[in-house]
Q: 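Here you go, one structure.
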Number of protein chains: 2
Amino acid sequence: MAHDHSGHDHVWADDLTRNQELVLGTLAHAEAPMSAYDILDKLRDEGLRAPLQVYRALDKLTERGLAHRLESLNAFVCCADAQCHKAGTIAFAICETCGRVEEFAEPTVEQKLSGWSRAAGFVPARMTIELRGTCRGCVSSLPA
Amino acid sequence: MAHDHSGHDHVWADDLTRNQELVLGTLAHAEAPMSAYDILDKLRDEGLRAPLQVYRALDKLTERGLAHRLESLNAFVCCADAQCHKAGTIAFAICETCGRVEEFAEPTVEQKLSGWSRAAGFVPARMTIELRGTCRGCVSSLPA
DNA sequence: GGTGATATGTTATCTTATTACATCGCACCG
DNA sequence: CGGTGCGATGTAATAAGATAACATATCACC
């Protein structure tokens, strides 16, 4: 981490375009996943006007693993640690109460799914693993 | 159940409403996942006119495990074997070439994800596991 | 017959995502 | 310098997916 977000955007990758930087910066400051339109609304002041500008940036960012798309939410998050592109598939735990998302890796899970694929003759291009539920904080602060 | 609507439906559950039966029947005959609007189009002749009629049926069907929603596709499939609600989470392998979907269970995967959840204090309500890629048939019939 | 729960039908609207087309900036090459 | 190609941009229009709000109907049950 070690990045102050004080003045302007900073910089995990040094070759982002302006729009990509804006979008990634917005995601980086968000507590919860944002839809493309959420992001657009945050960036109107910076001059963005059309959904496509956001979608194009998101495409590049997700391609590079700097952001992730949550399929079950149609929304996006900043990658939790863009430093190490820890290879491999990432899983997400999405709290339906507070909206926050935790990103984690479970190598065994990936292995098992790859194993099934091999056996079935299926060639996987990408894997989506998303848990919906209630996070620790929300569980403890809610009634049964 | 017992009404046979002119021949086309096996019957898994005998207490479906007309709309639910129509929607499930449509999915059961489909080769590939269908969006709610695909389903609606197929059912105009039967008198359905509004998306909501389809969505409402799909809600009930997915609740009961007779159909599944594919989050990464915004589309729906008929459950592969509605007989045994094989408890537990189901995973899907989606062929991006032919569109077909295979449904499978990997208990170990579910265990691992439950294990992570327990450790993280996360209480999962449901899990989504979807592989995108190329199926055996399409791999062998394609170049490279 | 009255009541409540569930299913329906219909319209309008909202959210999410893409198509199509024009332009700009810049590296690269002759 | 001029040209060519490619990737990013800007903009408008529209497609695709999902829900809100409201009115009505059906049926079990008392």
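Below, chain A is the first sequence line, B the second, and so on; all start at residue 1.
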Q: Take the protein atom CG of A:Asn19 and the nucleotide atom C1' of C:dC24, then report the distance between them rounded to whole Å.
A: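 Taking atom C1' of C:dC24 as the reference, CG of A:Asn19 is at 13 Å.
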Q: Under 30°, 30 to 60°, or over 60°: which ring-plane class applies to A:Trp116 and A:Phe122, parallel, tilted or perpendicular?
A: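 Rings of A:Trp116 and A:Phe122: tilted, 30 to 60°.
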Q: What is the distance from CD of B:Gln53 to C1' of C:dT6, rounded to the nearest Å?
A: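 Answer to the nearest Å: 15 Å.
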Q: By side-chain hydrogen bond (donor to acceptor under 3.5 Å, both in side chains), which residues pair with A:Glu96, not counting sequence neighbours?
A: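 side-chain hydrogen bond (donor to acceptor under 3.5 Å, both in side chains) list for A:Glu96, sorted by chain: A:Arg132.
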Q: Distance check needed: D:dA8 P versus A:Leu58 CG, whole Å only.
A: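 Going from CG in A:Leu58 over to P in D:dA8 covers 14 Å.
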Q: Would A:Arg136 and A:Glu102 satisfy salt bridge (Lys or Arg N to Asp or Glu O under 4.0 Å), going step by step from the backbone distance to the final call?
A: CA-CA 11 Å; A:Arg136 164 172 281 140; A:Glu102 195 157 349; over 6 Å; no
Q: To the nearest Å, how far apart are A:Glu63 CD and D:dA8 C1'?
A: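 Answer to the nearest Å: 13 Å.
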Q: On DNA chain C, check which nucleotide each of A:Arg56 and A:Tyr37 is closest to and give me the residue with the more 5' one.
A: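 It is A:Tyr37 whose nearest nucleotide is closer to the 5' end.
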Q: Consider the side chain of B:Arg49, meaning its heavy atoms from C-beta on, and name the nucleotide among C:dT16, D:dA8, C:dT10 that approaches it most closely.
A: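 Ranking C:dT16, D:dA8, C:dT10 by closest atom to the B:Arg49 side chain puts C:dT10 first.
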Q: Provide, to the nearest angstrom, the distance between the CG atom belonging to B:Leu52 and the C1' atom belonging to D:dA20.
A: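 Rounded to the whole Å, the gap is 9 Å.
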Q: Could you state the CZ-C1' distance from B:Arg18 to C:dA7, rounded to the nearest angstrom?
A: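 Interatomic distance, CZ of B:Arg18 to C1' of C:dA7: 13 Å.
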Q: With nearest nucleotides of DNA chain C determined for B:Ala50 and A:Asn74 from heavy-atom distances, which residue corresponds to the more 5′ nucleotide?
A: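 Of the two residues, B:Ala50 wins.
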Q: Using a heavy-atom cut-off of under 4.0 Å over every strand shown, decide if B:Leu48 touches base, sugar-phosphate, or nothing.
A: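 Here B:Leu48 touches no strand at all.
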Q: A:Gln20 has an atom CD; how far is it from atom P of D:dA8, in whole Å?
A: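 Computing the A:Gln20:CD to D:dA8:P distance gives 7 Å.
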Q: At less than 4.0 Å, is any side-chain N or O atom of B:Thr17 found next to OP1 or OP2 of C:dT6? Yes or no.
A: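 No, outside the criterion.
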Q: Report the distance from atom CG of B:Leu58 to atom CZ of B:Arg69, rounding to the nearest 0.5 Å.
A: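 Reported value, rounded in 0.5 Å steps: 9.0 Å.
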Q: Write down the distance between CZ (A:Arg69) and C1' (C:dT16), rounded to a whole number of angstrom.
A: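 In whole Å, C:dT16 C1' and A:Arg69 CZ are 8 Å from each other.
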